[in-house]
Amino acid sequence: MKVDDIMDVALRRGFIFPASEIYGGVSGFWEYGHLGTKLRQNWENAWRRHFLGLDPNYHEITTTNIMPKGVFEGSGHLENFNDPLTSCTKCNQRFRADDLVQEATGRSVEDLTPLELSEAIRAEGITCPKCKGELGEVNLFNMMFQVNIGAAGGLTGYLRPETAQGSFVSFKRMFEVLRNKLPMGLAIVGRVYRNEISPRQGFFRLREFNQAELQIFFDPDAFEEHPDFETVRDTVLRVKQFGSDDIVSLTCGELVESRGIGKFYVYHMARVQEFYLTTLRIPPELFRFRELGGKEKAFYNKVHWDVEVYMETLGGFKEVGGIHYRTDHDLGGHEKASKQRLQVNIDGKKFVPHVLELSFGVDRNFWALMDVFYEQEGERTVFHFPPALAPVTVAVFPLLNKPELIAAAEALYTRLSPHFSADYDRGGSIGRRYRRHDEVGTPYCLTVDFDTVEKGTVTLRDRDSMAQEAVALDTVAATLIARLCP
RNA sequence: GCGGCUAUAGUCUAGUGGCAGGACGGAAGCUUCCCAAGCUUUUGGCGCGGGUUCGAAUCCCGCUAGCCGCACCA
């Protein structure tokens with residue numbers, strides 16, 4: 001199985017491994033080794049360059065992982081994800097305990113604690129609605145991890161379940177700092193936490209993971225337009241529309257005209273696709289937008305397409321991101337809960353900005369790179385990562401263990417390492433060293449031989465073609481840069 | 001969270017109550033060595049915690065993790 005092969009390399013070579021492994025691990029928590037950290041950072045930096053470059057007024061901020069309870073009252077996370085659950089001890093069906101008690105007693109049970117609900121279930125003799133089996137203890141279940149801030153009796157806080165809230169609570173100040181202009185984008189790349197009941201699918205559903213999100217605040221009256229729309233009007237998007245099983249190719253112009261989706265939204269779809277096809281080099285047939293509708297779509301999302309990549313290891317197209325038109329749901333909620341005015345005043349027009357959210361799961365994107373670019377070519381295992389994303393850009397080898405070659409190779413490594421992600425390896429045969437670096441996706445290897453000492457050339461070996469060419473020492477850095485930025 | 005199966009070195013694996021073995025990998029060295037060649041030396045393991053037993057990798061219980069199914073996944 002491909003998933004086993006990739007996980008084997010990932011564990012063996014230092015991409016990812018189970019968290020707190022020596023204590024047995026905890027499901028849903030993973031650690032990144034040195035190569036995984038580099039690959040993830042490279043993805044994140046590519047994401048920053050692409051999305052923050054879309055508009056001079058899109059910026060990255062850094063906000064806290066722990067936020068006070070009030071934030072999640074404003075966001076709706078507490079209200080919507082704090083369900084008291086009980087399950088049948090016989091058939092394991094789960095139920096909302098408050099619904100069952102309320103139905104049996106006719107009383108409002110909103111303020112009852114889980115313990116009181118458990119007692120009420122026993123007192124009323126409530127049994128499983130499905131099989132009449134005995135119901136278990138009531139447990140409050142919220143996807144958020146709760147933490148105590150300060151000494152006993154202090155504030156209740158939560159680990160953020162999405163980075164987005166950081167942008168919303170920072171909106172008021174950042175709008176002022178950035179001199180009252182819309183659209184304004186606030187990006188956050190960072191850790192988030194969700195207490196999944198039962199994470200499965202290996203690395204795909206995590207309890208602690210990374211998001212890269214860009215919240216774009218804009219005037220809702222401008223949703224139908226975008227100043228650069230003409231540059232993407234004829235761009236062909238791969239889309240799977242709600243209610244259809246087919247992936248079709250539609251231009252941005254067609255999507256606006258046939259579906260009435262605002263140009264502001266479709267423009268950003270084009271830029272997202274560009275990121276996947278051009279920067280990440282995902283083959284087009286493995287990429288699509290999937291429109292969500294009906295129950296799948298959160299009530300506050302007016303338009304919602306997921307970004308999906310086909311992953312063989314996960315058996316199909318899987319969500320790696322989403323484009324959500326969240327309207328004024330978030331700022332409106334925080335306005336009520338915080339009692340702060342979050343409306344803006346632009347040229348005398350007062351309104352609460354709407355939000356377009358570009359949201360990406362970093363770890364899922366990381367896994368997508370591992371899946372899409374993994375190749376087993378006979379005995380050769382290779383990751384064909386785009387060179388700019390590969391954890392190691394260039395590896396330097398002395399052909400032989402001769403003092404003059406080692407000295408020359410070390411000098412070359414020392415010269416390159418401040419500017420490139422470089423590695424040095426003198427262990428085993430030259431062929432073995434090439435294979436070692438194929439296995440972690442290093443695009444370029446430089447081998448120092450006697451020609452290096454005598455004529456000042458090194459052998460540049462290309463990962464994908466395995467072709468070799470002589471390159472002058474003086475031009476090695478320039479050659480690498482030219483290949484990294486075609 | 002429930003049920004079934006599973007857990008031996010970095011990876012894969014042999015071992016069914018009596019000395020934990022192999023392959024690959026890693027390290028050091030030899031070999032003017034450009035695609036996992038060869039040789040020498042070496043490293044390193046029974047997931048965790050209880051129990052049964054003279055003796056447990058092996059049998060039993062619990063925990064943790066993984067896989068499959070159910071449930072969950074705003």
Side-chain angles (χ1 to χ4, degrees), chain A residues 1 3-5 7-14 17-30 33 72 75-83 85-95 130 133 136-137 139 141-144 161-162 164 194-207 292 295-301 304 318-319 322 324 326 329 377-382 397-405 425-439 445-453 458-463 465-470:
Chain A
M1 284 282 286
V3 61
D4 299 318
D5 297 337
M7 195 51 87
D8 175 57
V9 178
L11 291 168
R12 217 157 29 72
R13 300 304 308 272
F17 47 92
S20 305
E21 201 177 12
I22 62 169
Y23 287 95
V26 190
S27 74
F29 294 92
W30 288 75
F72 301 106
S75 72
H77 283 92
L78 274 174
E79 193 184 340
N80 292 321
F81 312 117
N82 217 353
D83 303 336
L85 296 180
T86 180
S87 57
C88 174
T89 54
K90 214 164 126 192
C91 69
N92 298 320
Q93 194 77 30
R94 296 177 85 92
F95 302 97
K130 205 174 162 192
E137 290 298 306
N139 289 304
F141 184 73
N142 189 287
M143 293 250 300
M144 289 193 291
E162 58 178 12
R194 297 182 191 183
N195 199 3
E196 297 280 352
I197 296 173
S198 168
R200 284 281 181 88
Q201 303 172 72
F203 197 62
F204 198 68
R205 268 180 72 200
L206 307 175
R207 286 178 165 139
L292 275 73
K295 272 189 157 179
E296 281 184 311
K297 192 171 72 170
F299 67 93
Y300 50 79
N301 279 337
H304 183 169
K318 294 290 173 183
E319 176 193 356
H324 314 128
R326 299 175 67 127
H329 172 79
E377 300 170 356
E379 295 226 312
R380 188 167 95 115
T381 300
V382 52
F397 314 136
L399 181 63
L400 305 171
N401 277 320
K402 295 286 171 188
E404 61 268 44
L405 298 191
D425 189 355
R426 47 160 288 205
S429 71
I430 191 69
R432 177 184 293 274
R433 285 176 270 170
Y434 285 145
R435 294 301 170 83
R436 253 187 220 136
H437 275 87
D438 287 339
E439 195 180 50
C445 295
L446 296 171
T447 300
V448 168
D449 58 17
F450 290 109
D451 281 349
T452 310
V453 180
V458 291
T459 304
L460 172 63
R461 182 266 195 182
D462 181 84
R463 175 196 67 200
S465 65
M466 291 195 276
Q468 306 184 47
E469 61 184 294

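Just so it is clear, the values below take in all heavy atoms, side chains as well, and ignore hydrogens, waters and symmetry mates. In the text below, chain A, chain B and the rest are named by the order of the sequence lines, each starting its count at 1.
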### Query
CG of A:Asn195 to CZ of A:Arg207: how many Å apart, nearest 0.5 Å?
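If we round to the nearest 0.5 Å, A:Asn195:CG and A:Arg207:CZ are 5.5 Å apart.
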Do any N or O atoms of the protein come closer than 3.5 Å to N or O atoms of nucleotides 36-47 of chain B, and which pairs are they?
from: B:A36; atom 1: N7; to: A:Glu379; atom 2: O; distance (Å): 3.3
from: B:A37; atom 1: OP1; to: A:Arg432; atom 2: NH2; distance (Å): 3.1
from: B:A37; atom 1: OP2; to: A:Ser429; atom 2: OG; distance (Å): 2.7

### 5' precedence on RNA chain B between A:Tyr434 and A:Pro161 (nearest-nucleotide basis)
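Checking each residue's closest nucleotide, the 5'-ward one belongs to A:Tyr434.
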### Message
Which is more 5' along RNA chain B, the nucleotide nearest A:Lys402 or the one nearest A:Gly28? Just name the residue.
### Response
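Result of the comparison: A:Lys402.
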What's the gap between [N] and [M] when it is taken at their [atom1] atoms, as a whole Å value?
{"N": "B:U31", "M": "B:G21", "atom1": "P", "value": "34 Å"}
{"N": "B:A23", "M": "B:C63", "atom1": "P", "value": "39 Å"}
{"N": "B:G17", "M": "B:U53", "atom1": "C1'", "value": "9 Å"}
{"N": "B:G47", "M": "B:U8", "atom1": "C1'", "value": "10 Å"}
{"N": "B:G38", "M": "B:C46", "atom1": "P", "value": "30 Å"}
{"N": "B:A27", "M": "B:G66", "atom1": "C1'", "value": "31 Å"}
{"N": "B:G45", "M": "B:A20", "atom1": "P", "value": "13 Å"}
{"N": "B:A71", "M": "B:C24", "atom1": "P", "value": "46 Å"}

Grab the [atom1]-[atom2] distance between [X] and [N] for me, whole Å please.
{"X": "A:Arg207", "N": "B:C73", "atom1": "CZ", "atom2": "P", "answer": "15 Å"}
{"X": "A:Arg194", "N": "B:C72", "atom1": "CZ", "atom2": "P", "answer": "18 Å"}
{"X": "A:Arg461", "N": "B:C34", "atom1": "CZ", "atom2": "P", "answer": "14 Å"}
{"X": "A:Met143", "N": "B:C72", "atom1": "CE", "atom2": "C1'", "answer": "9 Å"}
{"X": "A:Glu469", "N": "B:C34", "atom1": "CD", "atom2": "C1'", "answer": "14 Å"}
{"X": "A:Phe204", "N": "B:C73", "atom1": "CZ", "atom2": "C1'", "answer": "11 Å"}
{"X": "A:Ile430", "N": "B:U31", "atom1": "CD1", "atom2": "P", "answer": "17 Å"}
{"X": "A:Asp5", "N": "B:C24", "atom1": "CG", "atom2": "P", "answer": "19 Å"}

### Query
Taking atom CZ of A:Phe450 as the centre, does the number of heavy atoms from other residues, nucleotides or ligands within less than 6.0 Å exceed 12?
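Enclosed: over 12 neighbouring heavy atoms sit under 6.0 Å from CZ of A:Phe450.
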Taking a pair as Watson-Crick or G-U wobble with both distances under 3.5 Å, which nucleotide is matched to [N]?
{"N": "B:U53", "answer": "none"}
{"N": "B:G69", "answer": "B:C2"}
{"N": "B:U58", "answer": "none"}
{"N": "B:C19", "answer": "none"}
{"N": "B:G29", "answer": "B:C39"}

How is [X] classified with respect to the nucleic acid when contacts are heavy atoms under 4.0 Å: base, sugar-phosphate, or nothing?
{"X": "A:Ser27", "answer": "sugar-phosphate"}
{"X": "A:Phe450", "answer": "base"}
{"X": "A:Phe17", "answer": "nothing"}
{"X": "A:Val26", "answer": "sugar-phosphate"}
{"X": "A:Asp438", "answer": "nothing"}

### Query
Are any of the side-chain nitrogens in A:Asp425 or A:Arg432 under 4.0 Å away from the carboxylate oxygens of its partner?
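The answer is no: the pair does not qualify as a salt bridge.
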### Query
How about A:Asn301 and A:Arg326: do any of their side-chain heavy atoms sit closer than 4.5 Å?
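Counting from C-beta outward, A:Asn301 and A:Arg326 do come under 4.5 Å.
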### Message
Does any part of the side chain of A:Arg205, heavy atoms only, come nearer than 4.5 Å to the side chain of A:Arg194, both counted from C-beta?
### Response
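No; the side chains remain at least 4.5 Å from each other.
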#### Entry: A:Ser465: partners by side-chain hydrogen bond (donor to acceptor under 3.5 Å, both in side chains), with sequence neighbours left out
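Partners of A:Ser465 by the side-chain hydrogen bond (donor to acceptor under 3.5 Å, both in side chains) criterion, ordered by chain and then number, come out as A:Asp462.
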### Message
Using the side-chain heavy atoms of A:Glu162, tell me which of these nucleotides is nearest: B:C33, B:A74, B:C34.
### Response
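Nearest nucleotide to the side chain: B:A74.
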### Query
Taking only residues two or more places apart in sequence, or in another chain, which ones meet A:Glu377 in a salt bridge (charged side-chain N to carboxylate O under 4.0 Å, His left out)?
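Testing A:Glu377 for salt bridge (charged side-chain N to carboxylate O under 4.0 Å, His left out), a comparison that skips the adjacent residues, returns A:Arg380.
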### Query
Taking OP1 and OP2 of B:C33, is either one under 4.0 Å from a side-chain nitrogen or oxygen of A:Arg426?
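No.
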### Query
Which word best sums up how the rings of A:His437 and A:Phe397 line up, parallel for under 30°, tilted for 30 to 60°, or perpendicular for over 60°?
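It falls in the tilted class, 30° to 60°.
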### Main-chain N/O of A:Gly428 paired with A:Arg433 side-chain donor or acceptor, under 3.5 Å
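Between the backbone of A:Gly428 and the side chain of A:Arg433 there is a qualifying donor-acceptor contact (under 3.5 Å).
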